[in-house]
Amino acid sequence: CTYSLAVNFNPEATVYDLSCIFRRASAKAAVFGNLRDCNAFLDANGNKVFDPSTEYNSTTNTVGYYVFVYPPDETGYVLTEAAAGGLLCQDTISLQTGGETGTVGVKTSFEDTFLRTTVSASMSTPFTTIATEMVSSGKVSDYDTSSAAVCAYMIPCIPCELVVQTFHGCTASNCVD
């Protein structure tokens, strides 16, 4: 493999043989709806500020999806913030429910707020932000524990009789206040 970002990069290789294997961060960013036009980046130095010369990034698309490759030795959290050029991250539900298209949105910059998740996560939300902060601050030792705590203490139970449509079966045993 001749590509330096690949896990199996070979500096002595001279021919690209399609054997490269990459690490990638890919997820959806969402608050109420999917966030579009946001900068998602690997905060390798932990300063919570995008450093374009050293950190890998991608802009979220219209359905909130981002993907970028990063070197195998890089570590850190993925942060989602306002994109470069002064664009606001826009919440797609906010845009659908009123306001002027292009000016209604959820700004998620470091000065106001940002989303944080792990590189292997499939979502970047306010809940993943809380869970990763619990681990990084040492409040809990692992992501399973932090996720369970977020679910137990922050997500309200909706009584089963009020649920019209659900992705998961709602029964008395999994719907407890």
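We use all heavy atoms of the structure for the numbers below, so side chains are in, but hydrogens, waters and symmetry mates are not.
- Atoms CG and OG1, on D37 and T59 in that order, are 7.5 Å from each other to the nearest 0.5 Å.
- Using a distance-only test at 3.5 Å, with no hydrogens or angles considered, a donor-acceptor pair links the side chain of T129 to the main chain of R116.
- A distance-only check finds a donor-acceptor pair linking the side chain of T117 to the backbone of M123 [under 3.5 Å].
- Among residues two or more places apart in sequence or in another chain, the side-chain hydrogen bond (donor to acceptor under 3.5 Å, both in side chains) test is passed with N57 by N39.
- One hydrophobic cluster, built from ILVMFWY side chains closer than 4.5 Å, holds both M134 and F127.
- In terms of modelled atom types and a separation under 3.5 Å, the side chain of D43 and the main chain of G76 share no donor-acceptor contact.
- Taking every heavy atom of both residues into account, L79 and K48 meet most closely at CD1-CA, 3.5 Å.
- Contacts classified as ring-ring contact (aromatic ring centres under 6.0 Å, His included) and involving residues 42-75 (residues at least two apart or in different chains) are given here: F41-F50.
- Every residue was checked against the salt bridge (Lys or Arg N to Asp or Glu O under 4.0 Å) condition with E74, not counting sequence neighbours, and none meets it.
- Sorted by first and then second residue, the ring-ring contact (aromatic ring centres under 6.0 Å, His included) pairs involving residues 2-28 (not counting sequence neighbours) are Y3-F22.
- Proximity of a side-chain donor or acceptor of R36 to a complementary backbone N or O of N61 within less than 3.5 Å is not detected.
- A donor-acceptor contact shorter than 3.5 Å links the side chain of S58 to the backbone of V67.
- Residues T80 and C38 approach most closely at CG2-CB, 3.5 Å, considering heavy atoms.
- Residues passing the side-chain hydrogen bond (donor to acceptor under 3.5 Å, both in side chains) test with N45 are D51, sequence neighbours excluded.
- The hydrophobic cluster containing V78 also contains L5, counting ILVMFWY residues as joined when their side-chain heavy atoms lie under 4.5 angstrom apart, directly or transitively.
- Taking NZ of K28 as the start and OG of S124 as the end, the distance is 13.0 Å to the nearest 0.5 Å.
- Between P126 and A30, the shortest heavy-atom distance links the atoms CD-O, 3.5 Å.
- Residues V150 and I130 approach most closely at CG2-CG2, 3.9 Å, considering heavy atoms.
- Looking at T118 and T132, their side chains come closer than 4.5 Å, going by heavy atoms from C-beta outward.
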request  = Assess whether side chain to side chain contact (heavy atoms under 4.5 Å, CB included) is satisfied between V69 and R23, documenting all intermediate values.
outcome  = CA-CA 6 Å; V69 296; R23 290 180 73 187; over 6 Å; no

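- Residues that satisfy the side chain to side chain contact (heavy atoms under 4.5 Å, CB included) test with N8, not counting sequence neighbours, are C1, A6, S19, C20, I21.
- Side-chain polar atoms of S147 and D144 form no donor-acceptor pair below 3.5 angstrom.
- A distance of 8.5 Å separates OG1 of T62 from CG of N34, quoted to the nearest 0.5 Å.
- Transitive grouping of hydrophobic side chains (ILVMFWY, heavy atoms separated by less than 4.5 Å) keeps V119 and L115 in distinct clusters.
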